Each structure stands twice: as C-alpha cells, then as structure tokens.
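One structure is given here, and the rest of the page talks about it.
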Number of protein chains: 2
Amino acid sequence: MKNTISLASRSDSATSRLRADILGGALDPGALLAETAMAERFGVSRVPVREALFTLEREGLVEFGTTGRAFVKVLTPQDFQELHTLRLALEPMAARLAAPRLRKDSSALERNLAAMRRAKSVRQITRLDLDFHELIIAASANTRLLKLWGILRGELDLWLGRLHRRHQIQTEQTLDETLEAHASIIQTFQSQPPSACERVIHKHVQGWSEWLPTLEVQP
Amino acid sequence: MKNTISLASRSDSATSRLRADILGGALDPGALLAETAMAERFGVSRVPVREALFTLEREGLVEFGTTGRAFVKVLTPQDFQELHTLRLALEPMAARLAAPRLRKDSSALERNLAAMRRAKSVRQITRLDLDFHELIIAASANTRLLKLWGILRGELDLWLGRLHRRHQIQTEQTLDETLEAHASIIQTFQSQPPSACERVIHKHVQGWSEWLPTLEVQP
DNA sequence: GTTTTCCAAACAGTATACAGAATGAAAAAC
DNA sequence: GTTTTTCATTCTGTATACTGTTTGGAAAAC
C-alpha cells in the first residue's frame, strides 16, 4: 500500500509557494509574474506555473493584463469598499442559514475564539478572524456561498496583510473589541432565533470596517 | 496596420465551442470531457482545451472529479436552491446600489424589455431574462458583484436550458407575467428610492422561483 | 534635447512527446 | 456464478520546443 496522503502535485506545490509569496509580502502589488522565471525558481516547467496563476487569479491574488501577463493584484480602497459591500450581502444571509446548525453545536466557533485569545502575531489574529467568519459561512451548508466567500477571502487576506505590514494597526484595544464581539455572536447563535443572528452579523460586519481608516491611495 | 479586431485565440475558440455544446444540450450532464478527444474535435492541441476547461469550471459549467477528469456539471434541485438563495442575497443589494444610476438612465432595461416582447424562442426569452437581471447588477458598478454573478449565471443558464429542453414550461402566461414584472421594476427604478428598488427586486427574485416546479430529481 | 525607429530580449500561446495513474474489460481463481 | 487479478487502453500531468507578439532601450533622425 502506498502513502495514501497523496503528495502535492507540482501544480499544487507551485500554487502554495506563490500564494505564500504573495500573501507574505515577498512580492509587491503589481509585480510581474513571468512564467519562465517562476518555473525556474520553483524547479518545475511552465505548465504547472500556468495552472497556479489561473488558480490564484480565481482566489483574487493575481490578475491578468490585456496581453496575458500575470501580475500580483493591486487593490485600491475602492476594491476594499466593494469587498465590504459583498460581505454585507453574503454574511448575514449565511448567518441566518447557519443559525439552526450553530445553535446545536457552536464548539468550532468557541475553539476559534479560544485560539484567538492565545494568538500572538497580528497576522495570526487576522487569519483567525477571517476563519471565524468562514466557520459561520461553512455552517450555512451552501457550497456556492462558501465558494464565493473563498474569492472574497483571498482579497481580504491580501488587503489586510498589506495593511498590517505597513501600519501598526490592530492594537490591543481593537483585538479586545473583536474578542468581545465574537463572544457575543456565539451567544446569539446559542440562544437567539435566526433573524437575530442575521442582524448581529450584519452589525458586526458593518462595524468591522469602521476601525479601518480609509488610507493608502497610493501603495 | 493589421486587423485590430483580434481573432479569438485557440483557447477562446475552444471555450466558446465547448460552452455552446454544453448550454445547447449537445453534451449530457455528467458526460466526460476528455482532453484528447476534444482537442481532436476542435482541431487544436490539448493545451487550449485545458484552459477552456478551467475557464468553464469557473463559469460553473464544468466540474472536475477527484482524479482530475472534467465532466459536464450535474445540477441537482438542491444546487438550484443554493443558487436561488444567493440571488436573494446579491440581487437586492445590487438593485439598491444601482438605483441612482438607473433612475437617471433606464434605457438599457427598456431596450431589454422591448427585445423580450419581440422574442420568439424559449431559449431567447431565458437569455433576455437573465440579461435583464445582469443589467441591474452591472449598473451597481461593483465589479466583484458582477464577477460573482457571472458564476451564478453560468449555472442558471445550464439549469434553465435543461429545464426548458425537457419540459415545455415557460408558457405564454409566465412570459406575460415576466414582462409585466420587468415593466413594473423599471418604473420603480425610475421613480422610487433605492430601498424600494431593493424590495421590489427581492420580491421578484423570490417569486421567480415559484413558477418553477421542484422537479427532476433524476436527470 | 526630444522624438522616432528599430531591434534584441523576454514573454505568452500552442504543439508535441512521454511518463505515470486510473479505468474497465477480459482472464483467472475460487 | 461470483470474486479477484491482470493488463491493455485511456486519460491526465508535466516537460520541452517552437512561434509570434510585446516590450524596453539603443540608435538614428530631427
């Protein structure tokens, strides 16, 4: 019997490495992602690199120019505004659908909250925050909703990563506020009807954008 | 100077042909889309076929199995339910955002309505119906909203195409109802505030699913 | 000094080739 | 007759090679 945990294909490997480079900030927004150079760097041929670029375009981390060249996506404040609008449309809906399931079992949310209390780095906190929201969306059991969220999440991750790298926001105070808000949301799911869950998420998502200053017109 | 209207690349060509085959019903749901066979049929190599498959997967017309093989997507009534839920989340939001623009200029919607009155085939009517909704979403000026809609639209197109090919629904009565509803929506955009536009679209999308019988568990 | 022209390098689009995995039917074992 | 094994076929994953286009800078023209 062979190792059932299939080793990642070269495409997957290239995708992971490129994603890490982009989200980790190793590549600047707008940087050219030339296939040949990346193929050499990753030690694979251009074919898997190509697939990685397509995959990451779908995740919102890469964009293609008119001549077919791939670049690290450049996000503007307006892009962020768009993302926020979509979150406001999708997340309350997800909360309402997820409410019955989360009422029965909110342990995943609680584990996330506990992990967030222990978290050290800003990056980790950001990830856990997005994970919290993703848990609710996943609990909606709407596969397409989760798929759409995946696209938004990639861009959110990109945006927040840059923001945190550049400015030292996410102070202890905002972290405490987030922890408190998440705890309150869990309570709502445990004891309130779906419509209340929908409202509390709407309010949370709306408020979440407020502690983000509207900044950096120019990277 | 060369022809500035760039001829479609082989990838685009393969994408269009395959999309037409799928939406036109030439390929049954679940049918294997083997790269070699398609490459031969389209007279290109496997590379452009591969890209076409990725593109159409993103559009929701193709799905990949666990072993990397591509199939024509199989849609279940539950899938349709998911799509409907997402429309309910996205379209009212789009309507609210689009309201100011459409109030100033609703000519595109009116042209669509006129075309729909003249339309003959069921397929054409379906397309124009989806186009009507797409016009509103485009008028929201939220590029990501339009992008997400693109994914949903592919699947809706797929579902409705099959439905109409199998059953002879979309009678004259439902057509008249649609025409009336769209006319009423245009009027709302022309004279009512964004919140009313949001509500009317919510109601329309909700009602739209009702004349669709919950049918065909098995293709 | 500024603009235009031209060219070499870089890049993406595509074809072809080969290796390895999945599949399904025939053959063997029970 | 049913199950298991085998194996040729089919399919995808990936590498490599070739072609045409884009790009950016050097050279020429003004």
Side-chain angles (χ1 to χ4, degrees), chain A residues 1-19 21-22 26-74, chain B residues 1-22 26-59 61-74:
Chain A
M1 181 172 59
K2 254 180 35 179
N3 190 352
T4 50
I5 300 163
S6 78
L7 287 90
S9 69
R10 293 177 214 275
S11 289
D12 294 339
S13 157
T15 304
S16 299
R17 292 182 65 177
L18 182 54
R19 179 168 36 220
D21 282 354
I22 293 174
L27 295 165
D28 286 331
L32 173 65
L33 299 171
E35 293 176 4
T36 314
M38 297 183 53
E40 196 172 343
R41 193 152 68 86
F42 293 158
V44 299
S45 79
R46 276 175 54 208
V47 181
V49 171
R50 220 143 206 285
E51 298 205 1
L53 290 172
F54 286 130
T55 301
L56 293 179
E57 189 213 8
R58 205 170 35 172
E59 287 182 21
L61 303 185
V62 165
E63 60 191 345
F64 283 89
T66 51
T67 59
R69 301 165 76 155
F71 302 88
V72 177
K73 185 175 278 189
V74 178
Chain B
M1 181 171 61
K2 256 180 35 178
N3 190 353
T4 49
I5 300 163
S6 78
L7 287 90
S9 68
R10 295 180 214 280
S11 288
D12 294 339
S13 158
T15 304
S16 299
R17 293 181 64 177
L18 182 53
R19 178 169 34 221
D21 282 353
I22 293 175
L27 294 165
D28 286 331
L32 173 65
L33 299 172
E35 293 176 5
T36 314
M38 297 183 52
E40 195 173 343
R41 194 152 68 85
F42 293 158
V44 299
S45 80
R46 276 175 55 208
V47 180
V49 170
R50 221 143 204 284
E51 299 205 2
L53 290 172
F54 286 130
T55 301
L56 294 179
E57 189 213 8
R58 208 171 32 172
E59 288 182 21
L61 304 185
V62 165
E63 60 191 345
F64 283 88
T66 51
T67 59
R69 300 166 78 156
F71 303 88
V72 178
K73 185 176 277 189
V74 179

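Quick caveat, the model's predicted, so the values are computed rather than measured. Here is how names work: the chains are called A, B, and so on, in the same order as the sequence lines, proteins then strands, and each is numbered from 1.
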[X] [atom1] - [N] [atom2] separation (whole Å):
X	N	atom1	atom2	value
B/Met38	D/dC11	CE	P	12 Å
B/Glu51	D/dT12	CD	P	15 Å
A/Glu40	C/dA12	CD	C1'	17 Å
B/Phe64	D/dC11	CZ	P	15 Å
B/Asp12	C/dT14	CG	P	8 Å
A/Glu57	C/dA12	CD	P	14 Å
B/Leu32	D/dT10	CG	P	13 Å
B/Phe54	D/dG13	CZ	C1'	10 Å

Taking the side chain of [X] as heavy atoms from C-beta outward, which of [options] is closest to it?
X	options	result
A/Glu35	C/dT14, D/dC11, C/dA12	C/dA12
A/Ala34	C/dA15, C/dC11, D/dG13	C/dC11
B/Thr67	C/dA15, C/dG13, C/dT23	C/dT23
A/Ser9	D/dT14, C/dT14, D/dT12	D/dT14

Between B/Arg41 and B/Asp21, does any side-chain N to carboxylate O distance fall below 4.0 Å?
yes
Would you call B/Lys73 and B/Glu57 a salt bridge, using N to O less than 4.0 angstrom?
no
For the student: nearest non-hydrogen atoms of [X] and [Y], plus distance:
X	Y	value
B/Val62	B/Leu33	CG2-CD1, 3.7 Å
A/Pro48	A/Ala14	O-CB, 4.3 Å
B/Asp28	B/Val72	O-CB, 3.5 Å

Classify B/Leu33 by what it touches in the nucleic acid, base, sugar-phosphate, or nothing, heavy-atom distance under 4.0 Å.
sugar-phosphate
Base C/dG13 to side chain A/Arg50, donor-acceptor N/O within 3.5 Å cut-off:
no
Return whichever of A/Ser45 or A/Arg69 has its heavy-atom-nearest nucleotide of DNA chain D closer to the 5' end.
A/Ser45
Taking only side-chain N and O atoms of B/Ser11, does any of them lie within less than 4.0 angstrom of OP1 or OP2 on C/dT14?
yes
